[in-house]
Chemist: 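Below is one structure. I have some questions about it.
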Amino acid sequence: MKMHVLLHSDIDDIEDLRGLLSQEEFQIHSLSKKEDIFREIAKGYLDIIFLGQCCSSSHKDIIQSITKIKELDPRLAIICIGPGENREMAIEIIKQGATACFNMPLDGTAMLEMIDRIRDKAQQRKEIYEYENALHDKYTFSDMVSKNPGMIDIFSLITRVAPYFRNMLITGDTGTGKEVLARALHNLGPSSQEPFIVCNCSGLVEHLIESELFGHVKGAFTGAVSNKAGLFEAAGNGTIVLDEIGDMPVNFQPHLLRVLQDGEFRRVGSTETMKARCRVIALTNADLKEKINQGLFREDLYFRLAVINIELPSLRERKEDIPLLCRYFLKKFREKIGKKVAGISMPAQRCLMSYNWQGNIRELENTIERAILLTTVNFIRPQDLPPSILHGQKEDIINHTIDELVKNHIAGVLRTTKGNKTTAASILGISRRALQRKMEKYGL
């Protein structure tokens, strides 16, 4: 595994260090100016930097340099080379993020052992990255990503019904991916090459909704200067998606019910009956049963639509999917924007996992796109996230009791270990018996 090393040219006896490194498989780069060094680190390809800890360097200068390097690339190993006369200073440098400090003259054996450990860690990161990619492929289903058991059940269901259904209702909060699921149903069906048409019912003018969906003939009303096909006709043998079906005017609902029951409709102003050949998928984030009670939605239309009713969970109910979704959106926007962003730092990941995501997957998608655009390095940091997410994380922590935080942490570790209690107990630093007692206490 070839590694890239940057040498700070202010290092005393740099040629001795270069000679030592030449024994290994390294691509060696050398720079002296700090601004050039920082610019090179930001590119994200380096594995180790050897930083000169000169006698003239102040404690503050060295700490600032290490802090800056870690901001630019947190995975980069920093090895400080210097006279080593100040033990307290060396300890502080390690605390601030340096991997090691070496005195002059160099101990070649100790240096090569440290390099081997860095190489092993880099290899582990590579293996984890490949494993995560394999997981991503495993849990990606027709542009949807999830390992949540409820979502896996939904994937299985739509695979079974996609070839056969005529009408379907998909419910869920705003941003949970209802339209993406509808498109998956269309793509998995026998008419995947036919039109896929989305109509937002809340955006239709009430007195023109019939014309929009069923079409009209010339002279049917003022402004009807020619014949026009409606969306049901344009959809042909494909799929029409009626988004925000709960906002459809009550006085038009009997017309839609007739199409669903009899498969027939007429253009406005025409006596000719036409056949509706398309499949219908209705989407809503509203509680249709409550609307029925309020007299705002017809019960017979509801039952006609909800032959199959799929309810999508919110993102806060499937937080285990956040890392998978982040990886999916990273890949998507890297290709779309053309900007190389390797990943998300651990502090930023913790912020994303702690946030409540009221806007669900759509909010997460927008957040990742924004962060890719804003970051000045090759990964996403907390400062690249919206203030609302950083602030929301603090609120979430404040509003949870200690018991809730402990319960959520244990539940997360159990999900990671796929229910293996022995492994989970080891990660948590407690005995298996203690873990069992806590699981009983919290109902896990």
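Throughout, numbering of the chain's residues begins at 1 and tracks the sequence.
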Chemist: Distance check, rounded to the nearest 0.5 Å: Leu390 atom CG versus Gln383 atom CD?
Modeler: 9.0 Å

Chemist: Is there side-chain contact between Leu6 and Ile48, with at least one heavy-atom pair below 4.5 Å?
Modeler: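 Not touching, per the 4.5 Å side-chain cut-off.
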
Chemist: For a quick test of reading the model, state the closest non-hydrogen atom pair linking Arg334 to Val341 and the distance between them.
Modeler: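 The pair with the smallest heavy-atom distance is NH1-O, 2.7 Å.
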
Chemist: Working to the nearest 0.5 angstrom, can you tell me the gap between Lys70 NZ and Leu76 CG?
Modeler: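 One finds 6.5 Å between NZ of Lys70 and CG of Leu76.
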
Chemist: Do you know the tightest heavy-atom contact between His216 and Ala224?
Modeler: CD2-CB, 3.7 Å

Chemist: One thing to verify: whether Glu335 and Lys331 come together as a salt bridge, which I'm taking to mean a side-chain N less than 4.0 angstrom from a carboxylate O.
Modeler: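 The answer is yes: the pair qualifies as a salt bridge.
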
Chemist: In terms of ring plane angle, is the pair His4 and His29 parallel, tilted or perpendicular, where the classes change at 30° and 60°?
Modeler: parallel

Chemist: Would the distance check show the side chain of Ser191 and the main-chain N or O of Asn237 forming a donor-acceptor pair, the cut-off being under 3.5 Å?
Modeler: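 Side chain of Ser191 to backbone of Asn237: a pair is present.
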
Chemist: Report the C-alpha separation of Phe214 and Phe252 in whole Å, then their side-chain angles, then the decisive distance to 0.1 Å, and conclude whether the ring pair (Phe, Tyr, Trp, His ring centres under 6.0 Å) test is met.
Modeler: CA-CA 12 Å; Phe214 301 151; Phe252 178 73; 5.6 Å; yes

Chemist: How far apart are the C-alpha atoms of Thr239 and Leu185, what are their side-chain angles, what is the distance that settles it, and do they pass the side-chain contact (heavy atoms from CB on, under 4.5 Å) test?
Modeler: CA-CA 9 Å; Thr239 304; Leu185 282 158; over 6 Å; no

Chemist: Can you confirm whether Cys199 sits close enough to Leu204 that some side-chain heavy atom of one is under 4.5 Å from a side-chain heavy atom of the other?
Modeler: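 Side-chain contact under 4.5 Å: yes.
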
Chemist: Would you call Lys332 and Glu365 a salt bridge, using N to O less than 4.0 angstrom?
Modeler: yes

Chemist: Measuring only between side-chain heavy atoms, which start at C-beta, is Ile115 closer than 4.5 Å to Arg119?
Modeler: yes

Chemist: Between Ile310 and Met168, is any pair of side-chain heavy atoms under 4.5 Å apart?
Modeler: yes

Chemist: Donor-acceptor pair, Asp321 side chain versus Leu324 backbone, under 3.5 Å?
Modeler: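 Side chain of Asp321 to backbone of Leu324, a donor-acceptor pair under 3.5 Å: no, none is there.
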
Chemist: Would you please test Tyr302 and Leu257 for side-chain contact (heavy atoms from CB on, under 4.5 Å) and show each step?
Modeler: CA-CA 9 Å; Tyr302 170 80; Leu257 179 62; over 6 Å; no

Chemist: Atom CG in Leu325, atom CG in Asn360: separation rounded to 0.5 Å?
Modeler: 10.5 Å

Chemist: Salt bridge or not for Arg316 and Asp173, using N-O below 4.0 Å?
Modeler: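 Salt bridge: yes.
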
Chemist: Taking atom CZ of Phe232 and atom SG of Cys278, what is their separation to the nearest 0.5 Å?
Modeler: 5.0 Å

Chemist: Is it true that Glu264 and Lys275 make a salt bridge, defined as a side-chain N closer than 4.0 Å to a carboxylate O?
Modeler: yes

Chemist: Do side-chain atoms of Gln253 reach the backbone of Arg298 as a donor and acceptor pair under 3.5 angstrom?
Modeler: yes

Chemist: Keeping Thr99 on the side-chain end and Ile79 on the backbone end, is there a donor-acceptor pair under 3.5 Å?
Modeler: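 It does not hold such a pair.
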
Chemist: Assess the residue pair Lys43 and Glu40 against the criterion (salt bridge (charged side-chain N to carboxylate O under 4.0 Å, His left out)); give the C-alpha distance rounded to whole Å, side-chain angles, the decisive distance to 0.1 Å, and a yes or no.
Modeler: CA-CA 6 Å; Lys43 294 178 182 178; Glu40 206 65 21; 3.3 Å; yes

Chemist: For the residue pair Ile158 and Leu181, what are the closest heavy atoms and their distance?
Modeler: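 The pair with the smallest heavy-atom distance is CD1-CD1, 3.6 Å.
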
Chemist: As an exercise, state the distance from CG of Leu288 to CG of Asn285, rounded to the nearest 0.5 Å.
Modeler: 9.5 Å

Chemist: Dump the intermediate steps for side-chain hydrogen bond (donor to acceptor under 3.5 Å, both in side chains) on Ser354 and Arg350, then the final yes or no.
Modeler: CA-CA 6 Å; Ser354 299; Arg350 285 193 289 269; over 6 Å; no

Chemist: Looking at Thr367, Thr375, Thr376, which hits side chain to side chain donor-acceptor pair (under 3.5 Å) with Asp384?
Modeler: Thr375

Chemist: Measure across Gly343 and Leu330 and return the closest heavy-atom pair with its distance rounded to 0.1 Å.
Modeler: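 So the minimum-distance heavy-atom pair works out to CA-CD1, 3.9 Å.
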
Chemist: As a quick check of understanding, evaluate side-chain contact (heavy atoms from CB on, under 4.5 Å) for Glu272 and Val217, giving each step before the final call.
Modeler: CA-CA 10 Å; Glu272 180 186 356; Val217 297; over 6 Å; no

Chemist: Under a 4.0 Å threshold between the charged nitrogen and the carboxylate oxygen, would Arg362 count as salt-bridged to Glu179?
Modeler: no

Chemist: If the threshold is 4.0 Å, N to carboxylate O, is there a salt bridge linking Arg75 and Asp47?
Modeler: yes

Chemist: Is there a donor-acceptor pair under 3.5 Å between the side chain of Asn420 and the backbone N or O of Thr422?
Modeler: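 A pair under 3.5 Å: yes.
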
Chemist: Given Gln261 and Asp300, is the side-chain contact (heavy atoms from CB on, under 4.5 Å) satisfied, shown in steps?
Modeler: CA-CA 10 Å; Gln261 286 179 332; Asp300 48 1; 5.5 Å; no

Chemist: Measure the acute angle between the ring planes of Tyr355 and Trp357, then classify it against the limits of 30° and 60° as parallel, tilted or perpendicular.
Modeler: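 Taking Trp357 first and then Tyr355, their aromatic rings stand perpendicular (interplane angle over 60°).
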
Chemist: Test the Arg258-Phe265 pair against the cation-pi criterion, namely NZ or CZ under 6.0 angstrom from the six-membered ring centroid and within 45° of the ring axis.
Modeler: no

Chemist: Do Phe165 and Arg279 come close enough that some side-chain heavy atom pair is under 4.5 Å?
Modeler: yes

Chemist: For residues Thr284 and Gly246, report the shortest heavy-atom separation together with the two atoms involved.
Modeler: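 So the two residues come closest at OG1-N, 4.0 Å.
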
Chemist: Contact between Thr174 and Gln358 at the side-chain level, heavy atoms closer than 4.5 Å - yes or no?
Modeler: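 Result no, sub-4.5 Å side-chain heavy-atom pair not found.
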
Chemist: Considering residues at least two apart in sequence or located in another chain, which fulfil the ring pair (Phe, Tyr, Trp, His ring centres under 6.0 Å) criterion with Phe297?
Modeler: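 Phe297 satisfies ring pair (Phe, Tyr, Trp, His ring centres under 6.0 Å) with no other residue.
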
Chemist: State whether a side-chain donor-acceptor pair under 3.5 Å links Ser314 with Glu317.
Modeler: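 Their side chains do contain a donor-acceptor pair, which is all the 3.5 Å distance test asks for.
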
Chemist: Heavy atoms only: give me the nearest Ile94-Ala100 pair and the separation to one decimal.
Modeler: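 Scanning both residues, the minimum pair turns out to be CD1-CA, 3.6 Å.
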
Chemist: Looking only at atom types and distance, does a side-chain atom of Arg381 sit under 3.5 Å from a main-chain N or O of Ser345, one as donor and one as acceptor?
Modeler: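 Such a contact is absent between Arg381 side chain and Ser345 backbone.
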
Chemist: Please determine which of Leu242, Val241, Leu231 meets the side chain to side chain contact (heavy atoms under 4.5 Å, CB included) test together with Ile197.
Modeler: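 When side chain to side chain contact (heavy atoms under 4.5 Å, CB included) is applied between Ile197 and each of Leu242, Val241, Leu231, only Leu231 qualifies.
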
Chemist: Is there a donor-acceptor pair closer than 3.5 Å between any side-chain N or O of Asn227 and the backbone N or O of Lys218?
Modeler: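 Yes: the side chain of Asn227 pairs with the backbone of Lys218.
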
Chemist: State plainly whether the residues Asp120 and Arg117 are in salt-bridge range, i.e. N to O under 4.0 Å.
Modeler: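 No, Asp120 and Arg117 are not salt-bridged.
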
Chemist: Distance only, no hydrogens: is a donor on one side chain within 3.5 Å (strictly under) of an acceptor on the other, for Asn200 and Ser202?
Modeler: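 Yes, Ser202 and Asn200 have a side-chain donor paired with an acceptor closer than 3.5 Å.
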
Chemist: May I ask you to test the Leu283-Glu244 pair for a side-chain heavy-atom distance under 4.5 Å?
Modeler: no

Chemist: So do Glu320 and Pro149 actually touch side chain to side chain, heavy atoms under 4.5 Å?
Modeler: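 Sidechains of Glu320 and Pro149: in contact.
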
Chemist: Considering only NZ, NE, NH1 and NH2 on the basic side and carboxylate oxygens on the acidic side, decide whether Lys289 and Asp287 come within less than 4.0 Å.
Modeler: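 Between Asp287 and Lys289 there is no salt bridge, as every charged N stays at least 4.0 Å from the carboxylate O atoms.
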
Chemist: Answer yes or no: is there a donor N or O on one side and an acceptor on the other, between the side chain of Lys178 and the main chain of Gly172, under 3.5 Å?
Modeler: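 Flag set: sc Lys178 to bb Gly172 pair under 3.5 Å.
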
Chemist: Is the number of heavy atoms from other residues, nucleotides or ligands under 6.0 Å of Gln294 CD greater than 12?
Modeler: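 Count over threshold, so yes.
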
Chemist: If you round to the nearest 0.5 Å, how far is CD1 of Ile368 from CD1 of Ile322?
Modeler: 9.5 Å

Chemist: Is there a donor-acceptor pair under 3.5 Å between the side chain of Lys421 and the backbone N or O of Leu435?
Modeler: no

Chemist: Has the side chain of Ser431 got a donor or acceptor atom that lies under 3.5 Å from a matching backbone atom of Ala434?
Modeler: yes

